[in-house]
Amino acid sequence: MSPDRPAGPPGLDLDRLRGHLDRERPGLLGTGPLTARLIEGGRSNLTYAVSDGTGRWVVRRPPLGHVLATAHDMKREHRVISALHPTDVPVPRPVLLCEDEEVLGAPFYVMEFVEGTPYRTAEQLVPLGPERTRGAVLGLVDTLVDLHAVDPASVGLGDFGRPEGFLDRQLRRWGKQLAASRGRELAGVDELHAALGRALPTSPTATVVHGDYRLDNVLIDPVNGADRITAILDWEMSTLGDPLTDLGLLVMYSVRLEVPDSPVSTTASAPGHPDPAELIERYAARSGRDVSALSWYTAFAWFKLAVILEGIHYRYTLGQTVGAGFDRIGELVPVFIEHGLTTLNEG
């Protein structure tokens with residue numbers, strides 16, 4: 001690293017990145033020195049904003065240290081945004097995929113920088129006001145309908161997943177995740193898991209599913225007076241499967257949880273945020289899909305998040321996770337289990 005050039009953040013060697021881009025995409029970069037910053041908020045994969053003083057790009061790579069290939073597959077993320085970019089689904093323009101770990105120490109890909117804000121808390125939405133907040137969330141539903149309307153085979157994603165038995169595999173997967181992070185008794189969690197297994201719905205025709213679709217995984221930018229979704233981000237859990245799993249998760253995140261200083265997204269509490277019933281009705285009307293079994297999908301979302309949170313709590317108790325808010329994650333798990341049971345029982 002030249003002493004007059006800024007060092008990149010951990011995991012991003014700017015000299016190596018520039019050398020690779022100059023070789024593979026000559027003319028992409030200007031002559032100015034590269035600068036970079038880590039974009040906060042990434043769940044697992046690391047995301048950096050990179051600039052040469054004129055243009056801006058985003059680099060995605062797996063986290064530092066031990067990597068589970070199935071959870072941090074750069075090729076998979078790059079493939080799905082490359083396939084969807086020509087469609088009506090808003091995704092960043094892909095620039096380059098690098099599978100050579102010699103460049104940055106791990107596979108990575110580069111995409112265009114897209115303007116917009118990911119809204120994670122009710123406080124962040126307050127300045128928009130109720131009307132704009134409502135419009136932004138309804139736009140989230142409309143964009144989900146657009147994603148689920150894409151014919152996977154027509155964009156080269158016909159083999160992107162295994163739709164047959166999708167829900168059963170999902171339920172078994174998250175059951176195994178729960179077993180791997182059991183460090184305490186959790187009332188009702190086994191009951192919820194078993195009840196979900198007994199009531200598996202019949203899936204509609206498979207679509208591309210995002211796997212973690214919510215307000216803070218999209219960018220929203222005011223364009224021509226409307227708060228338009230400019231990009232859907234974080235495709236690491238995407239596959240071919242049951243589209244109603246995406247809707248169930250979105251509905252779950254639209255339930256107001258009155259938890260002070262919640263470490264989980266609180267956007268549902270913002271003034272103007274539509275209630276779950278309106279989101280379901282809008283999706284059904286625009287997609288034409290039968291949503292009569294959506295209580296199962298929403299209960300499954302509660303279960304899935306309870307398992308994820310319990311895993312975080314378990315790692316925290318082992319001293320493997322530090323930072324603000326992690327000490328309170330464990331308190332939320334019983335809340336999610338209870339919501340899952342109530343949702344499933346009340347239908």
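As the structure is a prediction and not an experimental result, all values here were calculated from the model.
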Give me the atom names and distance for the closest heavy-atom approach of [X] to [Y].
X: S254; Y: L250; result: OG-O, 2.9 Å
X: P90; Y: T143; result: CD-CG2, 3.7 Å
X: P94; Y: I81; result: CB-CD1, 4.1 Å
X: A270; Y: A122; result: N-CB, 3.7 Å
X: L46; Y: Y48; result: CD1-OH, 3.4 Å
X: G161; Y: T239; result: CA-OG1, 3.5 Å

Name of the residue among L309, V335, L257, I308 meeting side chain to side chain contact (heavy atoms under 4.5 Å, CB included) with V264: L309
Given L144, L147, V218, V89, the one that forms side chain to side chain contact (heavy atoms under 4.5 Å, CB included) with H210: L147
Starting at [atom1] of [X], measure out to [atom2] of [Y] and round the result to the nearest 0.5 Å.
X: T133; Y: D227; atom1: OG1; atom2: CG; result: 8.0 Å
X: D275; Y: H273; atom1: CG; atom2: NE2; result: 9.5 Å
X: D234; Y: N45; atom1: CG; atom2: CG; result: 7.5 Å
X: H85; Y: M111; atom1: NE2; atom2: CE; result: 11.5 Å
X: L14; Y: T35; atom1: CG; atom2: OG1; result: 7.5 Å
X: E346; Y: S295; atom1: CD; atom2: OG; result: 10.0 Å

Side-chain contact, heavy-atom cut-off 4.5 Å: [X] with [Y]?
X: W235; Y: V91; value: yes
X: I220; Y: L215; value: yes
X: R289; Y: H148; value: yes
X: L29; Y: L34; value: yes
X: V145; Y: Y283; value: yes
X: L219; Y: P118; value: yes
X: D290; Y: P204; value: no
X: I337; Y: L186; value: yes

If you count the non-hydrogen atoms of other residues, nucleotides and ligands that lie under 6.0 Å from [atom1] in [X], is the total more than 12?
X: D88; atom1: CG; value: no
X: E164; atom1: CD; value: no
X: Q124; atom1: CD; value: yes

[X], [Y]: one ILVMFWY side-chain cluster at the under-4.5 Å cut-off?
X: V114; Y: V59; result: no
X: L244; Y: L171; result: yes
X: L104; Y: L21; result: yes
X: L178; Y: L341; result: yes
X: M74; Y: L233; result: no

Sub-6.0 Å ring centroid separation between W57 and F113: no
From CA spacing to verdict: side-chain contact (heavy atoms from CB on, under 4.5 Å), L138, L279: CA-CA 7 Å; L138 293 180; L279 302 186; 4.0 Å; yes
Pair [X] + [Y]: basic N to acidic O under 4.0 Å:
X: R282; Y: D142; answer: yes
X: R182; Y: D190; answer: yes
X: E77; Y: R61; answer: no
X: D212; Y: K304; answer: no
X: D221; Y: R228; answer: no
X: E131; Y: R134; answer: no
X: E310; Y: R184; answer: yes
X: R214; Y: D216; answer: yes

[X] side chain to [Y] main-chain N or O, any donor-acceptor pair under 3.5 Å?
X: S181; Y: Q177; answer: yes
X: E112; Y: R93; answer: yes
X: T230; Y: G116; answer: no

Between T47 and R60, a side-chain donor and acceptor under 3.5 Å: yes
Assign the ring pair [X] / [Y] to parallel, tilted or perpendicular, where the plane angle (0 to 90°) is split at 30° and 60°.
X: F303; Y: H193; result: parallel
X: F300; Y: W296; result: parallel
X: W302; Y: H339; result: parallel

Verdict with supporting geometry, L17 and F108, side-chain contact (heavy atoms from CB on, under 4.5 Å): CA-CA 10 Å; L17 177 64; F108 68 93; 3.8 Å; yes
NZ or CZ of R76 within 45° of F160 ring axis and under 6.0 Å: yes
Working for side-chain contact (heavy atoms from CB on, under 4.5 Å), residues C98 and L96: CA-CA 7 Å; C98 176; L96 170 146; 4.1 Å; yes
Stepwise side-chain contact (heavy atoms from CB on, under 4.5 Å) test for V307 and F336: CA-CA 9 Å; V307 173; F336 279 65; over 6 Å; no
Intermediate values then yes/no, salt bridge (Lys or Arg N to Asp or Glu O under 4.0 Å), R18 and D13: CA-CA 9 Å; R18 174 181 276 281; D13 185 313; over 6 Å; no
Hydrophobic cluster partners of V126 (side-chain heavy atoms under 4.5 Å): none
D242/Y297 under side chain to side chain donor-acceptor pair (under 3.5 Å): CA gap, chis, key distance, verdict: CA-CA 10 Å; D242 190 324; Y297 294 90; 2.6 Å; yes
